[in-house]
Amino acid sequence: MYNLILLHHRQSTNSLHQNLSFILNKPFDVKFEQKPKPTLSSPHDVLVAVNYTGICGSDVHYWVEGRIGDFIVENPMVLGHESSGTVTQVGDAVKSVKVGDRVALEPGTPCRRCTPCLSGHYNLCDDMRFAATPPYDGTLTGFWSSPEDFCYKLPDHVTLQEGALVEPLAVAVHIVKQAEIKPGQTVVVMGAGPVGLLCCAVAKAYGASKIVSVDIQASRLEFAAKYAATHTFTPERVAATENAARLLKETGLVGGADAVIDASGAEPSIQTSIHVVRRGGIYVQGGMGKPDINFPIMALCTKEITCKGSFRYGSGDYKLAVEFVASGKVDVKALITGTVKFEDAEQAFKDVKEGKGIKVLIAGPNEK
Amino acid sequence: MDSSFENPAVYLSGPGQASIKESPLPNITDSHSVILKIAYVGVCGSDVHFWKHGGIINKVSEANPLIMGHEASGVVHSIGSAVTTLKVGDRVAIEPGRPCRRCKPCKAGRYNLCPSMKFAADPPDSHGTLRKFYEIPEDFCYVLPPDMGLDEGVLVEPTAVAVHACRLAEVKVGIDVVIFGAGTVGLLCAAVAKAMGARKVVSVDVNESRLEFARGFASTDTFLPGSGDTAGTIATQLNTAYFTKGADLVLEATGVESCIGAGIQVLKRGGTYVQVGLGKQRIQFPIVSLSEKEINMKGCFRYNAGDYDLALHLLGGGKVRVKDLITSVKVFEDVTEAWETTARGEGIKTLIRVGGV
């Protein structure tokens, strides 16, 4: 309630901050600009004042390269997609949230009509409108319009800052579901960045008995060991099979891990993963790096490994992510290493690019 | 058809009370919708139930008369501005349920379970397809191949029911299946299971002429239970005749208590049972058999993503000859005669011709 009153006060006396947005023109060329406040285009939509936005490697990639694969920033685009906010307006048909509710935002709106949508895979929608994937604007802005069912109410004891971590947590939930981790199983996670760390935490919540976090940075592994991993491993610049053999020996994973998740996108990690997973096990590609890599396909074949891609999040993932935060099963607060004012957004991007901290949040333009 | 009405429709206002009245001409209310000129509408067991009892769970009333019909084919008459897959003149089969697309089941790919589903001919006001013009979302229309008639197009709906059952059942190549019921759905379950690679497909029915048809249609074998035979007797006799260790799969398309019991008992250990047919709400059930044999039992309701597409694929090229299932065609004005024909158990599928082709 207090936040809402403050918001109204600011809206009437300081309209300059209303819908200030952080916009990418081209690589390393960003600007702040007022954009028209969005209006509700459907009775099922809600308007949300954005409170906090986290930055992801993909945001940084657009800032540095101006593109990811075939998605090219051709026109100025608002960045950001990992956000939490407060509902300020609801359409006539909205039932699940009301004005004043604090929510985690699921930033991709599917078409609901294509074959993937109708068959329960809306993350693979033909016409997905995803925040900060060209040509669609992102959430580093004052106000965001969303369909009701893509806003998830945060329980009272969950902060808006934690709410901004629900997005990467939902990514981890989706990855772990793809890995089909069952209680008592063993899992290795390549990469101890935010997604890798959250995969460890979700795997733990799913009952994994052994969770090995792998990274080349000692400080990240130190954190992983305190966070959710039962073991850590530092690979060396040797053949993938060698790294794999040493990993299995040091962690006591006789025969290999039930599941291996790659949250790094790095070619050597992917290669090592195939040699780490057991016969008949599951390998999930969550991380994104080089589009084409050298891959140990013979091992995949002879070990009858199931290899699955994982892309964003789908049905039920956000709900489960909120539940994990609300119940304390996953601690996302521990990953927040800094919060900056909206005006300092560019600095936050620089920090993330240099690998500083784990998750940096940018306060919304109307935050105190 | 009475040309003085712009959109004549068959309304049911109570058991045995049907009339053809004017209905509102539909407009394109959504840019993704189309308006169809309905060609044929099929009669299903549920229609007969409505005709005799006014409804199944929810009933029609004089205050809220309901346009009947849900198995239909039509021709595209006009299209919304965002429609990309259909053009005027396309001949289509209709998937007659409109889910909300926003709830959990919808987003999880099980839109047949949408709590806000608007299904054709569902009281109080989800009107059906027995009218000249009908509005429907683009993605719930399926273009018929050139060699399939609009009359056959009606059969895509019950074929989709059979496809949904077989997909839930995870029919695998080489399995042995027992199908209880040789009405339209049971026959189509046999045809679809066979098309999906089943080895033995045994149809069971109390009607010898239906079994004869089944033998010519898709089933590899048939079985006629004795009148008054118990579930246990039926199961034993089926096993003796056809299976050494029991059937791999049972598709139950009657809803009859003794068939349900026989289905559980004819299954092998670890077998799968799919309840397709709807009958009594509560029945006596051999639950200990289910437990001891670790049977996997699933409910089955209508159809969802991909079922219509696969149904059309199986019907195209004549892999499943649905034309043979159409045993009677009545004109629009004789709709109640169409319902009575089905009520009497005559033939297999009766159609109502609504529009010109």
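Excluded from the calculations below are hydrogen atoms, water molecules and symmetry mates; all remaining heavy atoms, backbone and side chain alike, are included. Just so it is clear: chains get the letters A, B, ... in the order the sequence lines come, proteins before strands, and each one is counted from 1.
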Residues, nucleotides or ligands: over 12 heavy atoms within 6.0 Å of K182(A) NZ: yes
Euclidean distance, C100(B) SG relative to D149(A) CG, rounded to 0.5 Å: 8.0 Å
Specify the closest pair of heavy atoms between P137(B) and R113(A), including all atoms of both residues, with the distance to one decimal. CB-NH1, 4.3 Å
Residues, nucleotides or ligands: over 12 heavy atoms within 6.0 Å of K319(A) NZ: no
P147(A) versus R102(B), closest heavy-atom pair with distance: CB-NH1, 4.1 Å
What parts of residues 110-122 of chain B touch chain A if we use heavy atoms and a cut-off under 4.5 Å? Y111(B)
Say you draw a straight line from NE2 of H32(B) to SG of C111(A); how long is it, rounded to the nearest 0.5 Å? 7.5 Å
Neighbour count above 12 (heavy atom, 6.0 Å) for K329(A) NZ: no
One option among G306(B), A305(B), C106(B), A108(B) has the most heavy-atom pairs under 4.5 Å with chain A, and it is A108(B)
What part of T115(A) gets closer than 4.5 Å to chain B, counting heavy atoms only: side chain, backbone, both or neither? neither
CG (D147(B)) with more than 12 external heavy atoms under 6.0 Å: yes
To the nearest 0.5 Å, atom OH of Y122(A) lies from atom CZ of R101(B) at 16.0 Å
Answer yes when D30(B) and R112(A) have at least one side-chain N-carboxylate O distance shorter than 4.0 Å, and no when they do not. no
May I ask you to check whether over 12 heavy atoms, not counting those of F71(A), lie within 6.0 Å of atom CZ? no
